[in-house]
Amino acid sequence: MKALILVGGVGSRLRPITHTQAKQLVPVANRTVLSYVLDSIKEAGISEVGIVVGATAAEIQASVGDGAEFGLDVTYIQQDAPRGLADAVLVSRDFLGDDDFVMYLGDNYVVDGIVDFVADFRRDKPAAQVMLARVADPRRFGVAELDENGRVTAVVEKPQDPRSDLAIVGVYAFSSAVHEAVAGIRPSWRNELEITDALQWLADHGHEVGSTVIDRYWKDVASVTDVLEMNRHLLESLETRIDGEVDEASELVGRVVVEAGAKISGSRIVGPAVIGPDTVVQDSYLGPFTSIEGNCRVAHSEIQYSIVLRGASIEGVARVEDSVIGRETEVNAAPRTSTAHRLVLGDHSRVQVGG
């Protein structure tokens, strides 16, 4: 069995972060989103992986390499434009051959991985298997309808009037039957080959499309809010580890990781939080659910519920929260300036002026 990971999207909802890096490489709890996907593939017992890349191909290849770091054998497949998920299957035909495969969207995260999902597919041997989760607003997702045996009978992309609350999570498994389905569909109104149309083609032509409904945490990491939420979730399972230097004037509360080469002085850190290698934190407060990558500097500042990327510097800032600070960014306090108020007030006025 092989795996196909899709990383060709441009990540428009994560701009400006994704102006300069692939969204799948945004660090969450100081590891890239893509690394969690690769871990899941490995844990499921799959070693041969194709990564479908687009405009960010060079970055993805520099991060993942040949896959040896993850115990995988990686092949890169170029998609010249984001023409839909089914098109990614089409351009990967030579790599996939007639083998079964898992298709995993590279900006998705599923807690506890896909071991059970892959086991269901291998046991039941359907033409396709989809991972589903119940959601509050199905109109934002591809939605599946099931029969009494849990087989998919219909798939609708972002329906205005959903007949189910079962959203398709970004993990699929296919037999070689999918290649006929992909060849048999036409581009949607978005001019893309939709994988939902391929699933519907399989169901309409008598092929079994199975389902695995999960009730555990998953996240489609599409926006800054999603990234911060995933960061919070991952930091919940953090275990304390102090490999760097922490002076006697500092206080660490709760689960905190201080990587090798990091230096903490005169600061209070309330976990869960992770401080990357060679980062300096001086006379500052770091609150819960904060991830600071390597080679950063934080001085005389307060940060919480945030992600700070590699090489950033934050100095003299009273409060930063719910933020993502990009690589090599400098955030400093504004110089103090005198403030004047010009007022024209009527009789019997009552005014409160701050500062």
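This chain uses plain numbering: 1 for the first residue, then up along the sequence. Basis for what follows: all heavy atoms, side chains included, without hydrogens, waters or symmetry-related copies.
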Working to the nearest 0.5 angstrom, can you tell me the gap between [X] [atom1] and [Y] [atom2]?
X	Y	atom1	atom2	value
Ser211	Leu166	OG	CG	7.5 Å
Ser92	Ile51	OG	CD1	11.0 Å
Met1	Ser175	CE	OG	10.0 Å
Asp165	Arg139	CG	CZ	13.0 Å
Glu293	Ile325	CD	CD1	13.0 Å
Asn108	Leu34	CG	CG	12.0 Å

Using 30° and 60° as the class limits, which term best fits the ring planes of Phe174 and Phe101: parallel, tilted or perpendicular?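 Aromatic pair Phe174/Phe101 classed tilted.
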Distance-minimising heavy-atom pair for [X] and [Y]:
X	Y	result
Ala44	Ile114	CB-CG1, 3.9 Å
Ala128	Leu202	CB-CD1, 3.9 Å
Gln78	Ala57	OE1-CB, 3.8 Å
Tyr36	Ala29	OH-CB, 3.7 Å
Ser176	Asp98	CB-O, 3.7 Å
Gly326	Ala312	O-CB, 3.7 Å

Test side chain to side chain contact (heavy atoms under 4.5 Å, CB included) on Leu193 and Ile185 and set out the steps. CA-CA 7 Å; Leu193 288 178; Ile185 63 175; 4.0 Å; yes
Evaluate the salt bridge (Lys or Arg N to Asp or Glu O under 4.0 Å) criterion for residues Lys2 and Asp73: first the C-alpha distance (whole Å), next the side-chain angles of each, then the deciding distance (0.1 Å), finally the verdict. CA-CA 10 Å; Lys2 295 176 180 175; Asp73 179 12; over 6 Å; no
N/O donor-acceptor pair under 3.5 Å between [X] side chain and [Y] backbone:
X	Y	result
Arg216	Gly113	yes
Ser301	Ser284	no
Ser35	Val33	no
Ser306	Asp322	yes
Ser267	Ile264	no
Thr279	Ala262	no
Asp215	Ala133	no
Thr32	Pro27	no
Asn149	Arg151	no
Thr196	Glu194	no

For Ile46 and Val102, run side chain to side chain contact (heavy atoms under 4.5 Å, CB included): C-alpha distance rounded to whole Å, both residues' side-chain angles, the deciding distance at 0.1 Å, then the answer. CA-CA 9 Å; Ile46 302 170; Val102 169; 3.9 Å; yes
Determine, for [X] against [Y], whether the closest basic-nitrogen to carboxylate-oxygen distance falls under 4.0 angstrom.
X	Y	result
Arg319	Glu321	yes
Arg255	Glu236	yes
Glu328	Arg310	no
Arg31	Asp39	yes
Asp120	Lys125	no
Glu315	Arg297	yes

Excluding sequence neighbours, so at least two apart, what forms side chain to side chain donor-acceptor pair (under 3.5 Å) with Arg122?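 For Arg122 there are no side chain to side chain donor-acceptor pair (under 3.5 Å) partners, ignoring immediate neighbours.
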Check against side chain to side chain contact (heavy atoms under 4.5 Å, CB included), Thr290 and Tyr305: CA-CA 5 Å; Thr290 299; Tyr305 302 106; 5.7 Å; no
Worked check of salt bridge (Lys or Arg N to Asp or Glu O under 4.0 Å) between Asp243 and Arg241: CA-CA 6 Å; Asp243 294 332; Arg241 177 168 49 84; 2.7 Å; yes
Judged by modelled atom types alone, do Asn231 and Ser291 share a side-chain donor-acceptor pair under 3.5 Å?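 Short answer, yes.
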Using only heavy-atom distances, determine whether the side chains of Gln129 and Thr212 contain a donor-acceptor pair under 3.5 Å.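 Result is yes, a qualifying pair exists.
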More than 12 heavy atoms from other groups under 6.0 Å of CG on Asp137: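 Correct, the count exceeds 12.
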In this structure, are over 12 heavy atoms from other groups packed under 6.0 Å from Gln61 atom CD?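 Yes, the 6.0 Å shell around CD holds more than 12 heavy atoms from other groups.
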Go through the steps to decide whether Trp218 and Val135 satisfy the test side chain to side chain contact (heavy atoms under 4.5 Å, CB included), and finish with yes or no. CA-CA 11 Å; Trp218 70 280; Val135 295; 4.1 Å; yes
Connected via hydrophobic side-chain network under 4.5 Å: Ile5 and Phe121: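 Yes, Ile5 and Phe121 fall within the same hydrophobic cluster.
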